[in-house]
Amino acid sequence: PPYVFARLDELKARAREQGLDLIDLGMGNPDGPAPQPVIDAAIAALQNPTNHGYPPFEGTLSFRRAITNWYGRRYNVDLDPDSEALPLLGSKEGLTHLAFAYINPGDVILVPSPSYPPHFRGPAIAGGKIHPLILKPENDWLIDLGDIPDDVAQQAKILYFNYPSNPTGATAPREFFKDIVAFAKKHEILLVHDLCYAELAFDGYQPTSLLEIPGAKEIGVEFHTLSKTYNMAGWRVGFVVGNQHIIQGLRTLKTNLDYGIFAALQSAAETALQLPDVYVNQVCDRYRRRRDFLIEGFAELGWTVPKPKATMYLWVPCPVEMTSTDFALSVLQQTGVVVTPGNAFGAGGEGYVRVSLIAECDRLAEALRRFKEANIRYSSENEGAFIKQG
Ligand SMILES: *Cc1c(COP(=O)(O)O)cnc(C)c1O
């Protein structure tokens, strides 16, 4: 584990021992319950003994059909439930095992920095040579494809990417998806898109699926999860869709590793994918309220934080003279509020902290009150400068 997380965990434990009331906005762990119809479906499925044995390796046909039907409804994308969809024990499991299935030691793997750690940890464990694609605020945190040297693109085997993005909250226009498909085709690179935040979008914004782009299925796969959309992080249900050869490789590896998801949970997951929009809208509304509340509160402290169109995170610039680790540690020590240092997501995250919108507005108000009391704020004359008095 990265040093920063270990150090943060230690300090969190110590702060708790001292009786400090921690407000933990560090992890991306949804704080709400799964929708009631999904819980009811799980209970009913538990009562059925045919669900109690080993599930089929490739997942139940009815869950795979629910996945491909959802893609058809949501994106108008046609997928074969037998060869182009595979249930996973959460998308993190699949993202990492895909790396084991495809990467040989020394293979060049393109990974944005900052990014969700499994996008670089999987390739690293597989022995891949990671070429970081440094993302920049002036490019709206989009990958700059023109910045990738030709010889690197020529050697590269896989490109991982994720929009709407954890940790930056950035979204990518459809044009970008077209460009990245063209780039991958030209250089024969496997595209791995993580669409974890497909449904957590606000203000009318609709995230794009890689598979909506013509030809994407020839060179790409897309990972999905029920963790965030349906508050089901602990249930461990995700899936991958797209190129059948890539999916076949992952399936073969997984037959040697696991038996897939408990059939009762696959049955409940079907119910989740068939829920009317009102459930997803409720989840989005909660995050949107919290986003707006916190951004307004930060503004009152003189702190300008960009408003993300999707995800459950704010990506907050650190004071200029502080590293993200020092800033996160000082915020924790002074206020008991836990945020994640940006460098935990790779060197490109330095200079930022990630704030997860996983507490109700009354707790966020308490966090803001403590920030104010501790004088954690920016100076408006000297943008980016950190003022701490007393
Ligand atoms: C939270 C998150 C996931 C979810 O992983 P699961 O293993 O499905 O719970 C995947 N990708 C990103 C970018 C995330 O932020």
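All ligand and atom numbering here is 1-based and tracks the order in the structure.
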State the atoms of ligand 1, each with its element, that fall below the 4.0 Å cut-off from a heavy-atom position in [X].
{"X": "Asn162", "value": "13 (C)"}
{"X": "Gly90", "value": "7 (O), 8 (O)"}
{"X": "Asn166", "value": "13 (C), 14 (C), 15 (O)"}
{"X": "Lys92", "value": "5 (O), 6 (P), 7 (O)"}

Is the Tyr352 to Trp141 ring centre distance short of 6.0 Å? yes

Around atom CZ of Arg288, are there more than 12 heavy atoms from other residues, nucleotides or ligands closer than 6.0 Å? yes

Tell me whether Asp277 is salt-bridged to Arg74, with the criterion being a basic N under 4.0 Å from an acidic carboxylate O. no

Any Lys/Arg nitrogen of Lys254 or Glu58 sitting under 4.0 Å from an Asp/Glu carboxylate oxygen of the other? no

Any side-chain donor near an acceptor of the partner, Glu84 and Thr68, under 3.5 Å: no

Does the side chain of Thr311 pick up a donor-acceptor pair with the side chain of Asn166 at under 3.5 Å? no

With respect to Glu93, determine whether any N or O atom, backbone or side chain, lies less than 3.5 Å from an N or O atom of ligand 1. no

Do any N/O atoms on His119 end up under 3.5 angstrom from N/O atoms on ligand 1? no

Do me a favour and list the nearest non-hydrogen protein atom to [atom] with residue, atom name and distance?
{"atom": "atom 7 (O) of ligand 1", "value": "Arg236 NH2, 2.6 Å"}
{"atom": "atom 5 (O) of ligand 1", "value": "Ser91 OG, 3.2 Å"}
{"atom": "atom 1 (C) of ligand 1", "value": "Lys228 NZ, 1.3 Å"}
{"atom": "atom 11 (N) of ligand 1", "value": "Asp194 OD2, 2.6 Å"}

Would [X] count as a contact of ligand 1 if the rule is a heavy atom under 4.0 Å away?
{"X": "His224", "result": "no"}
{"X": "Tyr197", "result": "yes"}
{"X": "Ser227", "result": "yes"}

Main-chain N/O of Thr252 paired with Thr255 side-chain donor or acceptor, under 3.5 Å: yes

Does Asn162 offer a backbone N or O that forms a donor-acceptor pair with the side chain of Asp194 under 3.5 Å? no

Can you list the steps and then say if Asp40 with Gln36 is a side chain to side chain donor-acceptor pair (under 3.5 Å)? CA-CA 6 Å; Asp40 293 341; Gln36 193 58 45; 2.9 Å; yes

